[in-house]
> 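I'd like to ask some things about the structure below.
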Amino acid sequence: MRRGITMPVGLVRAETVGARETDAAEAVPLGEAHRMLGIRPRELELAVELGALATVAPRREDHGRWVPVAELARLRTEEGFPATLRERLRLVGAREGAALLGVTPLRFARLARAGCFGPVRFSLNRYRAVVWLYLASELRRILAEGEDRRPRHWRNRRIAQAVRRTDDPWAAAAAHAAVLTPKVLEEAVPDPAERARLEELRPRLTTARPESLAARRIVRGLLTADGEEEVLWHRLGLTLALSTARSARPLRRPEREHRPAQGAGETVEGAEGVEGAQSRFLRKSPSCITDTSSRPRRS
C-alpha cells in the first residue's frame with residue numbers, strides 16, 4: 001500500500017548546492033525528517049552520509065541541511081517501509097559481522113584489516129579500545145556476490161608504482177587515466193590535446209601479451225577500473241594530478257597556420273579539423289613547438 005505524506009509545519013523552499021543553480025524543491029529540516037521516516041537521528045545522519053538520502057541547502061545560510069519531500073515520499077513508498085530502511089542502516093560489530101559472513105571473529109578482523117570491507121563508524125569502549133562498526137547490508141552483499149577485490153588492489157598498486165617512478169606531473173596524471181574508459185576520460189578531460197598527451201604518457205601496467213580475443217578481453221577488464229567507487233577514486237586522482245600538471249608544466253600548443261582559401265576558408269588542418277591536427281602534433285612532438293614559419297605553402 002502506498003503511503004501518503006503530509007506536509008509538516010515549517011516547510012520551506014530549498015535549493016540544491018552546486019556549480020549551477022537548480023530548481024527549488026520543497027524540503028523539511030532533518031529533525032522533522034527522521035520522525036517522518038520513523039528512524040533515529042543517528043540513523044538519518046548515517047543515511048545522509050551513505051548517500052541513501054539526498055539533502056539540499058536552504059536559502060538561509062544559518063540553517064542546516066534539509067531533506068526534499070520527494071525523497072521522503074520515495075522512501076516511504078518502498079515495500080516493507082520502515083523495516084527495510086532501518087535494516088539497510090543497521091550497524092554491527094566484529095562478532096555479529098563474523099556471524100553474518102560465517103567466519104570466526106579473528107578471520108573477520110583479518111579480512112577487515114586487509115580492506116575486503118570497510119567500517120562506517122567507530123566508538124570507544126570502556127577500555128578506550130576502538131570498536132569498528134560495519135553495515136550489515138554491505139556484509140550480506142559481499143557474502144552473496146563474493147566480490148573479488150584482487151583486481152582493484154592490483155590496479156591501485158601498479159598506478160602507485162607508476163606515479164612513484166616519474167617526476168613528470170603529466171605522467172602521474174596519465175597513470176590514473178590509464179584505468180579509465182574512453183567515455184569517462186573524455187568527461188574528465190574535455191580537451192583533446194590534453195587527452196592526447198595523457199595517451200602518449202600512458203604507462204604499461206602489464207607485460208602480458210594475450211593472443212586470443214577472449215584472453216585480450218580478460219586482460220582489458222583487469223586494466224579497467226570497475227565499480228562506481230573505484231572509477232570516482234581514480235577520476236579524482238586524475239583531476240588533482242592534472243591541476244598540478246597544468247600549473248607546473250603548462251601544455252604547449254601548436255599555432256594554427258592558415259593557408260590560402262580553398263573553398264570556404266579551409267585551413268591547413270583540412271577536413272579533419274583543428275583538434276585532430278593538435279592531437280597528431282602532440283603525439284609526434286609533445287615537448288616543443290615546431291617553427292612553422294618556414295614551412296612551404298601549397299602552390
Side-chain angles (χ1 to χ4, degrees), residues 19 149-259 266-292 295:
R149 291 184 175 248
R150 288 174 296 181
R152 176 181 300 190
H153 289 308
W154 176 81
R155 286 188 291 266
N156 289 342
R157 185 184 297 273
R158 296 295 291 130
I159 289 173
Q161 291 171 346
V163 171
R164 286 196 302 267
R165 285 198 301 261
T166 183
D167 294 327
D168 184 353
W170 285 99
H176 289 282
V179 297
L180 298 177
T181 64
K183 180 180 179 181
V184 173
L185 184 58
E186 186 174 358
E187 293 174 352
V189 190
D191 189 334
E194 290 185 342
R195 292 201 304 275
R197 180 62 169 160
L198 296 175
E199 178 61 28
E200 180 186 23
L201 296 173
R202 183 188 186 96
R204 181 178 296 178
L205 299 181
T206 180
T207 58
R209 291 289 183 273
E211 297 182 359
S212 69
L213 178 60
R216 287 197 295 270
R217 287 175 177 171
I218 293 174
V219 173
R220 190 181 304 118
L222 295 175
L223 295 174
T224 305
D226 182 32
E228 183 179 355
E229 180 184 348
E230 186 187 5
V231 171
L232 181 61
W233 174 257
H234 290 301
R235 183 166 176 171
L236 176 60
L238 172 61
T239 300
L240 294 175
L242 275 179
S243 178
T244 301
R246 289 162 179 160
S247 300
R249 299 183 184 179
L251 188 66
R252 295 183 179 183
R253 301 172 184 275
E255 297 178 357
R256 297 180 182 179
E257 179 183 5
H258 292 276
R259 298 294 178 86
E266 187 180 52
T267 65
V268 67
E269 291 85 4
E272 62 184 354
V274 175
E275 294 180 355
Q278 287 179 336
S279 298
R280 286 201 327 277
F281 180 90
L282 289 168
R283 285 195 294 270
K284 294 178 181 178
S285 179
S287 58
C288 63
I289 297 298
T290 303
D291 185 3
T292 60
R295 296 168 69 179

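Keep in mind that this is a model prediction, so the values were computed, not measured.
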> Decide salt bridge (Lys or Arg N to Asp or Glu O under 4.0 Å) for Arg155 and Glu230; before the verdict, give the C-alpha distance in whole Å, the side-chain angles of both, and the deciding distance to 0.1 Å.
CA-CA 10 Å; Arg155 286 188 291 266; Glu230 186 187 5; 2.8 Å; yes
> Show the nearest heavy-atom pair for residues Leu180 and Val231, with the distance to one decimal.
CD2-O, 4.1 Å
> With no hydrogens and no angle check, just 3.5 Å: does a side-chain donor-acceptor pair link Gln161 and Arg158?
yes
> Write down the atom of Thr166, the atom of Ala172, and the distance for their closest heavy-atom approach.
CG2-N, 4.0 Å
> When you measure from the side chain of Thr244 to the backbone N and O of Leu240, does any donor-acceptor pair fall under 3.5 Å?
yes
> More than 12 heavy atoms of other residues, nucleotides or ligands under 6.0 Å from CZ of Arg204: yes or no?
no
> Should we count CZ of Arg157 as having more than 12 external heavy atoms under 6.0 Å?
no
> Answer yes when Glu194 and Arg246 have at least one side-chain N-carboxylate O distance shorter than 4.0 Å, and no when they do not.
yes
> CH2/Trp170 to CG/Leu251 distance, rounded to the nearest 0.5 angstrom?
5.0 Å
> Between His176 and Arg235, is any pair of side-chain heavy atoms under 4.5 Å apart?
no
> Of the non-hydrogen atoms in Pro203 and Ala178, which two are nearest, and what is the gap between them?
CD-CB, 4.0 Å
> Exactly one of Ile159, Thr224, Leu223 should register a side-chain contact (heavy atoms from CB on, under 4.5 Å) with Val179. Which one does?
Ile159
> Look at Arg197 together with Glu200 and state whether they make a salt bridge at an N to O cut-off of under 4.0 Å.
yes
> Closer than 3.5 angstrom, by distance alone: can the side chain of Arg216 be matched with the main-chain N or O of Glu211 as a donor-acceptor pair?
yes
> Tell me if a side-chain donor or acceptor on Glu199 pairs with a main-chain N or O of Arg195 at a distance below 3.5 Å.
no
> Testing the basics here: between Ala171 and Leu201, what is the closest heavy-atom pair and its distance to 0.1 Å?
N-CD1, 3.7 Å
> Supply the atom-to-atom distance His234 NE2 to Glu229 CD, rounded to the nearest 0.5 angstrom.
10.0 Å
> Do other residues, nucleotides or ligands put more than 12 heavy atoms under 6.0 Å from the CG atom of Asp226?
no
> About how many Å separate CZ of Arg220 and CG of Leu222, when rounded to the nearest 0.5 Å?
11.0 Å
> Could you check whether any side-chain heavy atom of Leu185 comes within less than 4.5 Å of a side-chain heavy atom of Leu238, counting everything from C-beta outward?
yes
